[in-house]
There are 2 protein chains.
Amino acid sequence: MTSQQDLLDTLAQVARALGNGHRLALLERLAQGEAPVETLATTADLTIGNASQHLQHLRRAGLVTAQRSGKQMIYRLTDERIINLLGLLRQVAETNLAEMERLISRLFAEDDADGVLEAVSRDELLAGLARGEVALLDVRPEEEYEAGHLPEAINIPLAQLEEMLGKLPHDREIVAYCRGPYCALSHEAVQRLRQLGYRVRRFEEGYPEWKAAGLPVT
Amino acid sequence: MTSQQDLLDTLAQVARALGNGHRLALLERLAQGEAPVETLATTADLTIGNASQHLQHLRRAGLVTAQRSGKQMIYRLTDERIINLLGLLRQVAETNLAEMERLISRLFAEDDADGVLEAVSRDELLAGLARGEVALLDVRPEEEYEAGHLPEAINIPLAQLEEMLGKLPHDREIVAYCRGPYCALSHEAVQRLRQLGYRVRRFEEGYPEWKAAGLPVT
DNA sequence: CCATCATTCTATCGTTTTATTGAATGATGA
DNA sequence: TCATCATTCAATAAAACGATAGAATGATGG
């Protein structure tokens with residue numbers, strides 16, 4: 001009977017590994033693809049030593065694995081389902097926590113003045129793609145695009161948006177996506193492109209969710 | 001950009017609420033149905049004060065809600081998806097954590113000497129029920145059975161197993177279930193019934209998972 | 001084999017969590 | 001209204017966590 005509680009304690013240990021904002025940021029970056037410590041530290045805005053320690057913590061919980069490559073240590077998620085786990089955690093938090101709602105609306109406050117920027121759901125996107133009515137735009141950095149992206153997506157990193165407008169079609173609606181639901185890149189891309197007269201909306205999810213759902217990636 | 005991290009911090013707060021074995025035990029009990037503090041404290045083997053404090057913690061994280069009923073405070077899960085969240089957490093932990101495997105095999109060590117006790121999957125169970133080839137046995141306490149159970153399940157609490165054998169059919173295989181994958185009740189029931197000559201296996205999940213999957217309950 | 005670079009380990013300190021105890025609150029029924 | 005019961009609140013001490021800085025490790029290129 002006591003080992004029943006041992007199991008729950010072990011489970012709790014895994015949950016506790018998720019219980020820190022910095023570690024969640026590291027996992028979100030890892031959901032885009034494997035990366036060495038330095039990259040992870042930079043995107044999560046941590047010192048190297050600090051990032052290393054958090055990564056050890058995630059490793060002890062079995063959420064990430066590490067592999068040496070030359071003098072670098074490459075980390076990756078142990079399991080695609082971790083993305084689903086994060087998604088479900090987010091769903092539960094969003095529906096049941098008023099605080100969450102407040103933060104989300106603040107993060108995306110400026111956007112939706114006239115309601116036209118409503119996000120495109122996965123089903124809607126799939127339907128639009130099947131009918132050839134939409135073009136996909138990936139606004140993540142080139143490195144993350146190279147590591148994997150949605151089929152037929154055009155990559156224009158946000159930093160080069162205006163320079164690379166030539167790659168965008170004019171005959172179709174554009175759907176922009178980035179790292180996930182909380183990633184602000186596609187929000188900003190949509191705003192800037194709309195000011196330039198493009199017909200564009202954002203995808204409500206991101207690359208990791210698409211991949212975790214078993215949909216094809218390139 | 002900083003509010004991106006605020007969101008992750010809030011998410012981390014919810015994860016941290018799951019990061020304690022006692023709180024997971026409370027949630028597992030709540031997955032069976034709502035209950036007052038005293039019941040919860042008893043099943044989680046906590047003092048009342050301690051249980052109350054953990055429940056407050058879960059409430060702040062938006063995972064449970066409380067409602068006064070007379071002089072008792074009734075707690076319940078805010079959201080069925082929390083059961084899915086726990087299930088996914090368990091899956092991830094089981095596949096990626098050697099420690100987990102060790103604990104599970106220890107918990108169920110005696111059982112499977114000859115391999116016949118292999119658990120019945122959800123699909124297999126549904127097929128068997130559809131063909132009328134299996135009878136369902138719910139070995140949880142009567143209180144939990146009353147709060148909800150699988151359709152057509154016979155309730156024989158483990159404590160009264162031998163006294164109530166008369167309720168069991170002899171012409172079909174019996175599938176026993178209880179609170180969930182780690183619950184030992186159905187394991188023990190299967191062992192004891194097999195010694196009495198019954199053809200019986202256990203369901204690999206439990207009532208909460210069945211309900212959370214949207215399958216019919218009574 | 002030495003200098004260098006990426007990463008991890010160790011030690012420390014301040015902060016947060018947890019369990020425990022006892023007092024306070026809120027509803028009930030005599 | 002008072003005594004009682006269920007629960008929560010408040011205060012404390014022990015344990016776990018998180019950030020930081022500097023030493024140690026392990027691979028590489030000369």
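Hydrogens, waters and symmetry mates are skipped; everything else that's a heavy atom, side chains included, is used. Quantities reported herein were computed from a predicted structural model and do not represent experimental measurements. Each chain gets a letter, A, B and so on, in the order the sequences are listed, and its residues count up from 1.
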Nearest-Å distance, [atom1] ([X]) to [atom2] ([N])?
X: A:Gln13; N: C:dT18; atom1: CD; atom2: P; answer: 14 Å
X: B:Asp45; N: C:dT18; atom1: CG; atom2: P; answer: 17 Å
X: A:His22; N: D:dG18; atom1: NE2; atom2: P; answer: 9 Å
X: A:Asn50; N: C:dT8; atom1: CG; atom2: P; answer: 13 Å
X: B:Leu46; N: C:dT21; atom1: CG; atom2: P; answer: 14 Å
X: B:Leu26; N: C:dT18; atom1: CG; atom2: C1'; answer: 14 Å
X: A:His57; N: C:dT8; atom1: NE2; atom2: P; answer: 15 Å
X: A:Leu58; N: D:dG18; atom1: CG; atom2: P; answer: 11 Å

Exercise for the section: Treat primed atoms plus P, OP1 and OP2 as sugar-phosphate and everything else as base, then score nucleotides 6-16 of chain D 5' to 3': B for base contact with protein heavy atoms under 4.0 Å, S for sugar-phosphate contact only, - for none. Expected result: SSBSB------
Problem - Of A:Glu205, A:Glu209, A:Glu144, the residue whose pairing with A:Arg179 passes side chain to side chain donor-acceptor pair (under 3.5 Å) - result: A:Glu144
Handout entry: Ion pair A:Arg201/A:Glu118, N-O distance below 4.0 Å
Key = no
Problem - A:Arg192 and A:Glu162 ion-paired at < 4.0 Å - result: yes
Exercise for the section: Taking only the side-chain nitrogens and oxygens of A:His54, find out if one of them lies under 4.0 Å from OP1 or OP2 of D:dC17. Expected result: no
Handout entry: Side-chain N,O (A:Asn20) to OP1/OP2 (D:dG18) below 4.0 Å
Key = yes
Practice task
State whether A:Tyr207 and A:Arg140 meet the cation-pi test: NZ (Lys) or CZ (Arg) under 6.0 Å from the six-membered ring centroid, and within 45° of the perpendicular axis.
Solution key: yes
Handout entry: Cation-pi check, A:Arg90 onto A:Tyr182 ring (under 6.0 Å, within 45° of axis)
Key = yes
Practice task
Check whether any side-chain heavy atom of B:Leu196 lies under 4.5 Å from a side-chain heavy atom of B:Leu165, and answer yes or no.
Solution key: yes
